[in-house]
A.B. asks: 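First the structure, then my questions, so here it is.
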Amino acid sequence: MNYDAGEAEVIVIGGGHAGCEAALASARMGCSTIMFAINLDSIAMMPCNPNIGGSSKGHLVREVDALGGEMGKNIDKTYIQTRMLNTGKGPAVYSLRAQADKSKYHTEMKKTLENTDNLYIKQGEIVEIVVEGEENNRRISGVISESGAFYKCKAVVLCMGTYLKARCLYGDTIIHSGPNGLRNSVLLSDSLKNLGIKIFRFKTGTPARVDKRTIDFSKMAVQEGDKNIVPFSFDNFSKNIKREQIPCYLTYTNERTHNVIRKNLDRSPLYSGVIDGTGPRYCPSIEDKVVRFADKERHQIFIEPEGEDTNEMYIQGMSSSLPEDVQIEMYRTVPGLENCEIMRAAYAIEYDCIDATQLKLSLEFKSIDGLFSAGQFNGTSGYEEAAAQGIVGGINAALFTQNREPLIIHRSDAYIGVLIDDIVTKGTGEPYRMMTSRAEYRLLLRQDNADLRLTEKGYNVGLVSKERFEKLKVKRELIDKEIERVRNINISPSKEINDFIAERGGSEISTGVKLSDLIKRPELSYDELSFIDKERPVLTPDIVEQVNIQIKYEGYIRRQLAQVSQYKKMEEKLIPDNIDYYKMRGLRIEAQQKLTQIRPISVGQASRISGVSPADVSVLLVNLQQF
């Protein structure tokens with residue numbers, strides 16, 4: 001029998017990276033919030049790779065921070081190594097990545113949650129979502145726990161990650177549990193199905209952890225952290241978070257490794273048919289790598305520490321579901337791992353998730369008012385993708401309870417907008433991973449300017465403080481003022497400047513030029529030209545970086561801004577929610593079906609739906625003139 005146990009405006013189900021951001025956002029926006037986790041030890045847990053950020057993922061973390069989220073601040077507190085990736089390319093693809101102390105990351109995030117006003121954390125499994133109203137007008141009423149406790153609420157954010165009907169597999173071993181041996185959630189999937197929500201089955205995996213004492217690091221290449229520490233959070237400064245870093249190591253598989261895998265493929269549940277779920281294309285198991293890339297003689301393997309106070313080392317690049325005896329044989333063929341002892345075996349994990357095309361761009365379900373969904377449960381992979389959705393889900397759940405318009409982040413606003421638009425508009429048939437190539441406006445959506453793009457949005461919804469917003473306005477003014485000053489400085493030809501240019505492989509100047517034109521040269525930069533700029537003000541490194549990038553890439557930036565302007569025209573052509581696509585003459589049947597299923601809010605979104613052609617968009621535009 002159920003009993004009334006409490007009430008909150010927003011309930012968040014799940015304490016992973018999505019759940020933490022959702023709960024914190026809701027509570028910080030003034031909503032009474034309860035976050036449920038099956039086990040409080042799973043809060044902000046890192047069951048897979050021990051790092052935050054990386055290519056494109058670093059963008060997401062900085063965007064979460066710019067909106068007022070916690071992931072960036074938490075990794076700044078708990079990193080053990082940090083590196084800026086892709087620095088050999090342009091700034092659009094620079095990506096910060098930090099190794100985390102897994103235990104401390106969990107502890108610090110849990111401490112933050114426990115000390116946030118309006119937020120209460122409870123251990124327990126939610127088994128049912130309760131809704132009220134008629135079929136076409138349903139809304140959230142509350143949730144029921146396994147003990148029969150009913151919690152009344154106005155909004156729910158689903159952040160269950162990989163726990164729903166989860167099972168872990170390696171070889172013939174099948175363990176019905178969530179990641180890291182923690183208990184799974186059995187009944188909630190059925191409750192969601194009963195509400196008409198479409199469920200998928202996906203799969204991901206993780207490599208073994210080996211004992212540090214049994215590794216021969218002399219056979220591996222050392223991977224040190226950067227000397228110049230760049231914080232993830234815009235609220236932090238390098239000098240305040242600088243600490244001694246722990247190295248990682250690089251080694252490789254070889255033909256012996258691949259032979260062990262090939263002769264045991266029939267013992268892998270991935271190839272024996274035991275696993276039904278679809279696995280990630282861009283983070284395959286070592287079995288998949290050997291089969292799909294048969295021509296490759298070796299694969300990179302990174303050996304990464306899991307923390308300062310543990311001997312567990314993460315074998316990045318060798319996730320597997322092979323039997324444990326095969327894993328031992330396989331790992332011991334890798335240089336440096338010949339005598340390794342496995343502390344935790346690699347495994348694959350299969351779990352329930354949803355078809356995200358059932359969601360609006362606000363991450364609210366189209367069929368149930370007040371029910372939101374975020375994270376791996378939406379068919380994505382990665383801590384960063386989860387956190388990015390979590391903060392948007394939490395913000396919009398809070399706005400929903402406050403009867404305010406939802407926050408919609410567009411593709412031209414942020415990587416977060418690209419991520420959400422992709423999964424909601426196009427759907428995904430496999431675990432979705434963010435990549436810089438998915439963002440068509442990536443020169444504008446750099447990690448270095450996430451605060452300039454998004455902090456005002458965070459302030460407008462009530463998540464960013466007035467003090468932080470005022471600092472942002474000052475920063476923006478200083479950038480604009482310095483760019484304008486540099487554009488008006490004339491540099492005359494001189495032996496000093498021409499020698500300087502020649503040393504860097506550039507061509508001499510014979511007439512006067514603007515300082516901004518010199519900065520645009522590939523061999524020069526704003527910083528390097530300080531010796532001829534006698535009136536230069538003292539500016540912080542983040543402002544110097546913006547001045548240099550905005551001047552150097554001015555032409556490209558202007559071109560992308562023009563593209564965004566065209567994009568926004570299509571996004572501003574809104575489509576009435578009650579429109580009947582089957583009554584539109586000239587619209588193909590497939591387009592009618594897809595448009596009815598997705599219910600796009602704009603012509604721009606409609607144009608990105610798989611199965612909707614440019615001709616269909618033209619027909620749609622003609623028909624919309626009648627409304």
Side-chain angles (χ1 to χ4, degrees), residues 16-17 20 41-55 57-58 60-62 64-65 69-87 94-112 179-180 206-218 220-233 235-251 300-319 336-337 340 343-344 382-384 386-387 447:
H17 302 281
C20 289
D41 293 334
S42 69
I43 288 175
M45 184 177 71
M46 295 175 144
C48 198
N49 53 300
N51 62 67
I52 294 293
S55 184
K57 293 169 178 280
L60 291 173
V61 180
R62 293 203 121 198
V64 167
D65 181 78
E70 195 65 26
M71 178 174 266
K73 291 181 173 64
N74 208 58
I75 186 61
D76 282 350
K77 294 177 192 174
T78 59
Y79 79 89
I80 55 178
Q81 188 193 98
T82 179
R83 297 179 74 186
M84 186 68 75
L85 306 182
N86 303 327
T87 53
Y94 287 8
S95 288
L96 188 60
R97 182 181 188 267
Q99 295 295 133
D101 186 306
K102 283 190 173 185
S103 176
K104 291 176 183 174
Y105 189 93
H106 151 76
T107 300
E108 287 297 324
M109 185 66 83
K110 186 167 181 279
K111 187 189 301 183
T112 298
N180 267 15
T206 191
R209 277 61 160 181
V210 303
D211 192 326
K212 178 182 179 180
R213 298 171 300 174
T214 65
I215 298 174
D216 184 354
F217 295 110
S218 69
M220 303 176 179
V222 180
Q223 303 280 297
E224 300 284 0
D226 290 343
K227 292 182 180 179
N228 178 33
I229 304 300
V230 179
F232 267 107
S233 176
D235 276 347
N236 288 333
F237 297 96
S238 299
K239 63 181 180 180
N240 296 333
I241 67 165
K242 191 168 185 177
R243 65 178 68 95
E244 187 175 345
Q245 300 186 57
I246 300 176
C248 297
Y249 298 86
L250 171 64
T251 184
Q300 282 188 333
I301 304 298
F302 291 95
I303 312 299
E304 302 170 341
E306 298 231 313
E308 293 178 308
D309 304 316
T310 178
N311 283 335
E312 289 190 69
M313 302 293 284
Y314 181 85
I315 313 303
Q316 175 79 270
M318 287 191 79
S319 67
L337 299 181
C340 74
M343 298 178 71
R344 304 188 199 219
Y383 311 143
E384 302 83 2
Q447 62 161 16

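Along the sequence shown, the residues carry numbers beginning at 1.
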A.B. asks: Who are the ring-ring contact (aromatic ring centres under 6.0 Å, His included) partners of Tyr249, not counting sequence neighbours?
C.D. replies: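 Once residues adjacent in sequence are excluded, the partners of Tyr249 under the ring-ring contact (aromatic ring centres under 6.0 Å, His included) criterion are Phe217.
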A.B. asks: Rounded to the nearest 0.5 Å, what separates atom CD1 in Ile229 from atom NZ in Lys227?
C.D. replies: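 Output value for this atom pair is 11.5 Å.
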A.B. asks: Restricting to salt bridge (Lys or Arg N to Asp or Glu O under 4.0 Å), what partner residues turn up for Arg83, sequence neighbours left out?
C.D. replies: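 With neighbours one apart ignored, the set is empty.
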A.B. asks: Is His17 close to Glu384 at the side-chain level, that is, under 4.5 Å between some pair of heavy atoms?
C.D. replies: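 They are not in side-chain contact.
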A.B. asks: What pairs with Lys212 under salt bridge (Lys or Arg N to Asp or Glu O under 4.0 Å), at least two apart in sequence or on another chain?
C.D. replies: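 Applying salt bridge (Lys or Arg N to Asp or Glu O under 4.0 Å) to Lys212 gives none.
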A.B. asks: Using the test ring-ring contact (aromatic ring centres under 6.0 Å, His included), find all partners of Phe237 that sit at least two apart in sequence or belong to another chain.
C.D. replies: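 Phe237: no ring-ring contact (aromatic ring centres under 6.0 Å, His included) contacts found.
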A.B. asks: Could you tell me whether a side-chain N or O of Arg62 sits under 3.5 Å from a main-chain N or O of Leu60, the two making a donor and an acceptor?
C.D. replies: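 It does not hold such a pair.
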A.B. asks: For Thr310, give me all partners under side chain to side chain contact (heavy atoms under 4.5 Å, CB included), at least two apart in sequence or on another chain.
C.D. replies: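 Applying side chain to side chain contact (heavy atoms under 4.5 Å, CB included) to Thr310 gives Glu306, Glu312.
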A.B. asks: Apply side chain to side chain contact (heavy atoms under 4.5 Å, CB included) to Lys242 and Lys239, showing your working.
C.D. replies: CA-CA 5 Å; Lys242 191 168 185 177; Lys239 63 181 180 180; 5.9 Å; no
A.B. asks: Roughly how far, to the nearest 0.5 Å, is the CD1 atom of Ile80 from the NZ atom of Lys102?
C.D. replies: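 If we round to the nearest 0.5 Å, Lys102:NZ and Ile80:CD1 are 10.5 Å apart.
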A.B. asks: Please report the closest heavy-atom contact between Gln447 and Ser95, naming both atoms and the distance.
C.D. replies: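 Looking at all heavy atoms of both residues, the closest pair is OE1-CA, 3.6 Å.
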A.B. asks: Sequence neighbours excluded, which residues qualify as ring-ring contact (aromatic ring centres under 6.0 Å, His included) partners of Tyr79?
C.D. replies: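 For Tyr79, no residue satisfies ring-ring contact (aromatic ring centres under 6.0 Å, His included) once neighbours in sequence are set aside.
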A.B. asks: Rounded to the nearest 0.5 Å, what separates atom NZ in Lys57 from atom CG in Leu96?
C.D. replies: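 It comes to 14.0 Å.
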A.B. asks: Who pairs with Thr78 by side chain to side chain contact (heavy atoms under 4.5 Å, CB included), at least two apart in sequence or on another chain?
C.D. replies: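 Ile75, Lys104, Tyr105, Glu108.
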A.B. asks: Is Ile246 close to Gln99 at the side-chain level, that is, under 4.5 Å between some pair of heavy atoms?
C.D. replies: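 No, too far: nothing below the 4.5 Å cut-off.
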A.B. asks: Are Tyr314 and Thr206 close enough, and set up right, to give a side chain to side chain contact (heavy atoms under 4.5 Å, CB included), and what steps lead you there?
C.D. replies: CA-CA 9 Å; Tyr314 181 85; Thr206 191; 3.8 Å; yes
A.B. asks: Going through the checks in order, is the side chain to side chain contact (heavy atoms under 4.5 Å, CB included) test met by Cys248 and Gln81?
C.D. replies: CA-CA 8 Å; Cys248 297; Gln81 188 193 98; 3.8 Å; yes
A.B. asks: Taking the side chain from His106 and the backbone from Ala44, do they hold a donor-acceptor pair closer than 3.5 Å?
C.D. replies: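 Checked: no pair found.
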A.B. asks: Who passes side chain to side chain contact (heavy atoms under 4.5 Å, CB included) against Glu244, sequence neighbours left out?
C.D. replies: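 Side chain to side chain contact (heavy atoms under 4.5 Å, CB included) check on Glu244 returns nothing, list empty.
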A.B. asks: For Lys77, give me all partners under side chain to side chain donor-acceptor pair (under 3.5 Å), at least two apart in sequence or on another chain.
C.D. replies: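 With neighbours one apart ignored, the set is empty.
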A.B. asks: Measuring from atom CE of Met313 to atom CD1 of Ile303, what distance do you get when rounded to the nearest 0.5 angstrom?
C.D. replies: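 Between Met313 CE and Ile303 CD1, I get 7.0 Å after rounding to 0.5 Å.
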A.B. asks: Would Asn180 and Arg344 count as a side chain to side chain contact (heavy atoms under 4.5 Å, CB included) here? Give the steps.
C.D. replies: CA-CA 9 Å; Asn180 267 15; Arg344 304 188 199 219; 3.8 Å; yes
A.B. asks: How far does CZ of Phe232 sit from CE of Met71, to the nearest 0.5 angstrom?
C.D. replies: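 Phe232 atom CZ to Met71 atom CE measures 9.0 Å (nearest 0.5 Å).
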A.B. asks: Which atom pair, heavy atoms only, marks the closest approach of Asp76 to Pro231?
C.D. replies: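 Shortest heavy-atom separation between Asp76 and Pro231 comes out as OD2-CB, 3.6 Å.
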A.B. asks: List for me each residue that meets side chain to side chain contact (heavy atoms under 4.5 Å, CB included) alongside Thr214, sequence neighbours excluded, and say none if there are none.
C.D. replies: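 Here the qualifying residues are Asp211, Cys340, Glu341.
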A.B. asks: Look at the side chain of Gln245 and the backbone N and O of Glu224, then say whether any donor-acceptor pair between them is shorter than 3.5 Å.
C.D. replies: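 Not confirmed, Gln245 side chain does not pair with Glu224 backbone.
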A.B. asks: Any non-hydrogen side-chain atom of Met220 less than 4.5 Å from a side-chain atom of Leu337?
C.D. replies: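 Side-chain contact under 4.5 Å: yes.
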A.B. asks: Applying side chain to side chain donor-acceptor pair (under 3.5 Å), name anything that partners Asn86, two or more places apart in sequence or on another chain.
C.D. replies: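 Checked Asn86 against side chain to side chain donor-acceptor pair (under 3.5 Å); zero matches.
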A.B. asks: Measure the CE-CZ distance between Met84 and Arg97 for me, rounded to the nearest 0.5 Å.
C.D. replies: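 Reported to 0.5 Å precision, the distance equals 13.5 Å.
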A.B. asks: Using the rule given for side-chain hydrogen bond (donor to acceptor under 3.5 Å, both in side chains), can you reason through Asp65 versus Ser233, listing the C-alpha separation, both sets of side-chain angles and the distance that settles it, and then say yes or no?
C.D. replies: CA-CA 6 Å; Asp65 181 78; Ser233 176; 2.8 Å; yes
A.B. asks: Give a yes or no on whether the backbone of Ser218 and the side-chain of Asp216 come within a donor-acceptor separation of less than 3.5 Å.
C.D. replies: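 Yes, because the side chain of Asp216 sits within donor-acceptor range (under 3.5 Å) of the backbone of Ser218.
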A.B. asks: Using side chain to side chain donor-acceptor pair (under 3.5 Å) as the criterion, list what pairs up with Asn51, not counting sequence neighbours.
C.D. replies: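 Applying side chain to side chain donor-acceptor pair (under 3.5 Å) to Asn51 gives Asn49.
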A.B. asks: Could you tell me which non-hydrogen atom of Arg209 sits nearest to which non-hydrogen atom of Cys48, and how far apart they are?
C.D. replies: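 Minimum heavy-atom contact is NH2-O, 3.2 Å.
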